[in-house]
Peer 1: 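Okay, here's the structure, questions in a sec.
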Amino acid sequence: MIHLDDNLMLTDDGAVMCAHCQTRLGENSHEPLAHAVRRERPSRDAGPGVHADPKTFTTREIVLRQLFCPGCSTVLATEIVPRDEPSFRHWSLGAKA
Amino acid sequence: MPLIHVAGSEKFVFEERASDELCAIASKFVPLHTVDAAAELAIDPLTYEVIRHRLSAITDDMGDALKRMSGSVVVTDCNDFNAAIADEAGDLILVGQYNMQLAASLDMAIKWTLEHRSENPGLRPGDMFFCNDPWIGGGLHQNDASVFAPLFYDGELFAWSGAVCHQVDLGGVSPGSWSVAGTDVFWESTPVPPVKIVENGTLRPDIEDMYLRRSRVPKLIALDLRAKLGANNVAQQRLTQLIDKYGPRVVKAVMKKMMHDAEHRLRSKLRSLPDGTWGAVAHQDGARAGDSNIYKIVLQMTKHGDKLTFDFTGTDAQVEGFVNCTFAGVRGGIMPIILTMLCNDIPWAPGGIYRCVEIISERGTINNCTFPAGIGKASVASAWATQNAVSECVAQMVGTHPQHRKAAMSCCQGTWDLALLAGVDQRGAPFVTMLCDPMAGGLGARVDQDGVDTGGQMPIPMGRIADVEINEFSFPMLYLWRREEMDSGGPGRYRGGLGGSSCFVPHDSPLHGVHLVVSAPGKALPLAPGLAGGYPSATSYDVLMRGTNVQQMLAQGFIPGDLDEIDGRHEVLPSHVETNMAANDVYFTHWQGGGGYGDPLRRDPHEVALDVASFRVSPRAASDVYGVMLKTDGTPDAGATEARRRDLRRDRIGAGAA
Ligand SMILES: [Zn+2]
């Protein structure tokens, strides 16, 4: 068992599990968050730190994109990005898939 | 006009070569001092440590000399400079703890000089070279002007010293050389490839004149040039004394061993970390004034065995604007993060560390651009963004290790919020300066603690800000405040360090105002992401208030503490703009903090209460982001907090989940 970060553990059988509620989030470390719940909201829902409406500066839609544990709702990943872009923040362990 | 390739510009590109190959080219024209592997094996540990620390002290002395001689607040008070020592092949043995972005590309310029200048004009004792061509190296944009010198001992080229600092103005369309309206490099300061500026110990006036002629503040630039010559003189003198004492074979063997040690220790640390691939993206909103697009740098970092590969495939093409960076910027984005996050217990010898690193980057992209793409803001634009992406990947990798995870840090201050002032100062003299207050950026949160509020920046361990009074004394400005900003640190179980803000008015200029250049992405979206679900820092936020009543308020003895207290026209500034400030205009600049770590709903409610009490977090963020409800005495209400967090968790994966 390896702690990957504050929320994720790698089990001895190679699955990725929530460290808080033991929900299996991915069956292997190449798709570690396959079972996580993905949600997008307007970027200003991230809180008062997002000062101005992104429309003031850009025509592209900006979203708060998050992944959550389906078992305990812990947020596993957070990014604020243009909505039309895929997430580039994927990772995998072991030799390149 | 679109970016059209300039035939002949290929010559001015750093080509990576093995050091042996480069030495074979240069040694046809200049004798090089080398040692065999046996010399390294023969050094006893005590001598090694004594000489290693002496070399480190010499690098510090170079920095001291530069700082004491410079007349630029950017250097004297904010430490935007660095110094380095390299071996005969230009491989860096040591970089100072100042701006490591600058020193991480000095080897490129030295190596280019060895290849292209050894024959003509030749390398001789008492020579020094000047360079501010980022395609060649020595800095990340033209304002990073470097001076480097071969050190000869017994007639052989033994080593190199080098110093580089940010120059406040080297010409170009806009003051400070930050040409926000520019579309290509011809709007900017003309890059100068390596030229012999000191010959046989004498500064060449013809070369100096050619250099200074381009600046709006040539006297200041002349002083900084001498500061860099001084730093190299200090290095040359001290290194010669060191070789006199221990002999060239021993000193050179120590230099080689320093690089080998750094390499071996980094390889060993890498082997202790899991193999894997980590992806990141770093954005920039706007490449020039009036541009509302968003650009991306994409990184896939792979760790396999004892090697790190940084693959930037998928990064956007170079753009018309001034935010591109050259290959020096890619290196400048990688090396500072490796040094601070992976080499916290390993000697900072980049020459050895680079041997563990492979970079895959396509020419013609925004962080590996070709001539004549605009690079006036490269250091704090695409190089900085590169660093954000590298920081995110390295931190995730390091974060998997039971011990090394403590060195992992979320991204620090996602961008530099540039405010450039120019005009006539209170003494009637022309001035240009970059306001370096954003040097007090927020550090990212760690795996077990909050990020340091206004703690600085990852690439400049010794960065600092000038006292408010020094800025007011030096430039025609009067501060209304400079402070840490509430909610600027990325929320998380551990909160990112706060960024800050400065608010000022023009003051005491005979022109009754100042010219202002603003360049700060991170307004459409925050640029310092968090880790492990942690939120990014706040966005940048710059406001210019026109025609205010601030002078009447000051005359009545009242200093406003918030923009809401001031009457006037409120302009939220775009990422890049150039304008003038009149005497009654107020400028507010708010730079970013660091990213958070972990889920903010898992932050200790007592910590949130302390944050609210100390104005680090607003009551709104406490409730909406951290789910912490406070009693009237400011302490957490346990029952209400539990209920609030339950509601927020339900909301997270309820309606709208995809
Ligand atoms: Zn869970």
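In the text below, chain A, chain B and the rest are named by the order of the sequence lines, each starting its count at 1.
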Peer 1: Does any heavy atom of chain B fall under 4.5 Å from the side chain of A:A46, the backbone, both, or neither of them?
Peer 2: both
Peer 1: Any chance you could measure A:R41, atom CZ, to B:D651, atom CG, to the nearest 0.5 Å?
Peer 2: 6.0 Å
Peer 1: Return the OG to CZ distance between B:S575 and A:F57, rounded to the nearest 0.5 Å.
Peer 2: 7.0 Å
Peer 1: Of the listed residues (B:V625, B:V572, B:T539, B:D285), which shares the most heavy-atom pairs with chain A below a 4.5 Å separation?
Peer 2: B:T539
Peer 1: Let me know if B:E392 has heavy atoms under 4.5 Å from chain A in its side chain, its backbone, both or neither.
Peer 2: side chain
Peer 1: So which of A:A52, A:S87, A:P82, A:P70 has the biggest tally of heavy-atom pairs under 4.5 Å with chain B?
Peer 2: A:P82
Peer 1: Nearest 0.5 Å please: distance from the CG atom of B:D599 over to the OG1 atom of A:T78.
Peer 2: 8.0 Å
Peer 1: Given that the side chain runs from C-beta out, which part of B:V281 has a heavy atom under 4.5 Å from chain A: side chain, backbone, both or neither?
Peer 2: both
Peer 1: Which heavy-atom pair separates A:T58 from B:S292 by the least distance, and what is that distance?
Peer 2: OG1-O, 2.8 Å
Peer 1: Which one wins on heavy-atom pair count under 4.5 Å against chain B: A:P54, A:G49, A:P48, A:C72?
Peer 2: A:P48
Peer 1: Identify which part of B:Y597 has an atom lying under 4.5 Å from any heavy atom of chain A, answering side chain, backbone, both or neither.
Peer 2: side chain
Peer 1: I'd like to verify something: which residue of A:K55, A:H3, A:Q66, A:E85 has the highest number of heavy-atom pairs under 4.5 Å with chain B?
Peer 2: A:E85
Peer 1: Can you list the steps and then say if B:R602 with A:T74 is a side-chain hydrogen bond (donor to acceptor under 3.5 Å, both in side chains)?
Peer 2: CA-CA 8 Å; B:R602 293 187 177 276; A:T74 294; 2.7 Å; yes
Peer 1: Is it true that atom CD of A:E31 has more than 12 heavy atoms of other residues, nucleotides or ligands lying nearer than 6.0 Å?
Peer 2: no
Peer 1: Please list, chain by chain and in numerical order, all residues satisfying side-chain contact (heavy atoms from CB on, under 4.5 Å) with B:D624, sequence neighbours excluded.
Peer 2: B:R620, B:R644
Peer 1: Checking heavy atoms, do the side chain of B:K296, its backbone, both or neither come under 4.5 Å from chain A?
Peer 2: side chain
Peer 1: What is the minimum heavy-atom distance between A:I80 and B:P536, and which atoms define it?
Peer 2: CD1-CG, 3.8 Å
Peer 1: OG1 of B:T277 to NE2 of A:H90: how many Å apart, nearest 0.5 Å?
Peer 2: 9.0 Å
Peer 1: Give me the ring orientation class for B:H590 and A:H51: parallel if the planes are under 30° apart, tilted from 30 to 60°, perpendicular past 60°.
Peer 2: perpendicular
Peer 1: Tell me the closest heavy-atom pair linking B:G598 and A:D6, and the distance in Å.
Peer 2: CA-OD2, 4.1 Å
Peer 1: Output yes when a side-chain donor or acceptor of B:R652 lies under 3.5 Å from a complementary backbone atom of A:S73, and no otherwise.
Peer 2: yes
Peer 1: Identify which part of B:S618 has an atom lying under 4.5 Å from any heavy atom of chain A, answering side chain, backbone, both or neither.
Peer 2: side chain
Peer 1: Take A:E79 and B:Y535 through the side-chain hydrogen bond (donor to acceptor under 3.5 Å, both in side chains) test and state the conclusion after the steps.
Peer 2: CA-CA 7 Å; A:E79 63 179 3; B:Y535 284 42; over 6 Å; no
Peer 1: Looking at A:R60 and B:I294, what are the two nearest heavy atoms and their distance?
Peer 2: NH1-O, 2.9 Å
Peer 1: Calculate, to the nearest 0.5 Å, the distance between atoms CG and CG belonging to B:D275 and A:L93 respectively.
Peer 2: 9.0 Å
Peer 1: Let me confirm one number: the CD-CH2 distance from B:Q300 to A:W91, rounded to the nearest 0.5 Å.
Peer 2: 14.0 Å
Peer 1: B:L273 versus chain A, heavy atoms under 4.5 Å apart: side chain, backbone, both or neither?
Peer 2: neither
Peer 1: Would B:H283 and A:V81 count as a side chain to side chain contact (heavy atoms under 4.5 Å, CB included) here? Give the steps.
Peer 2: CA-CA 8 Å; B:H283 293 100; A:V81 292; 3.8 Å; yes
Peer 1: Below 4.5 Å from any heavy atom of chain A, which atoms of B:R493 appear? Answer side chain, backbone, both or neither.
Peer 2: side chain
Peer 1: For the candidates B:P600, B:A532, B:A538, B:P491, which exhibits the highest count of non-hydrogen atom pairs separated by less than 4.5 Å from chain A?
Peer 2: B:A532
Peer 1: Which one, B:S488, B:G534, B:A408, leads in non-hydrogen pairs under 4.5 Å with chain A?
Peer 2: B:G534
Peer 1: What part of A:L4 is in contact with chain B, defined as an atom under 4.5 angstrom from a non-hydrogen atom: side chain, backbone, both or neither?
Peer 2: both
Peer 1: Got more than 12 heavy atoms from elsewhere within 6.0 Å of CD, B:E642?
Peer 2: no
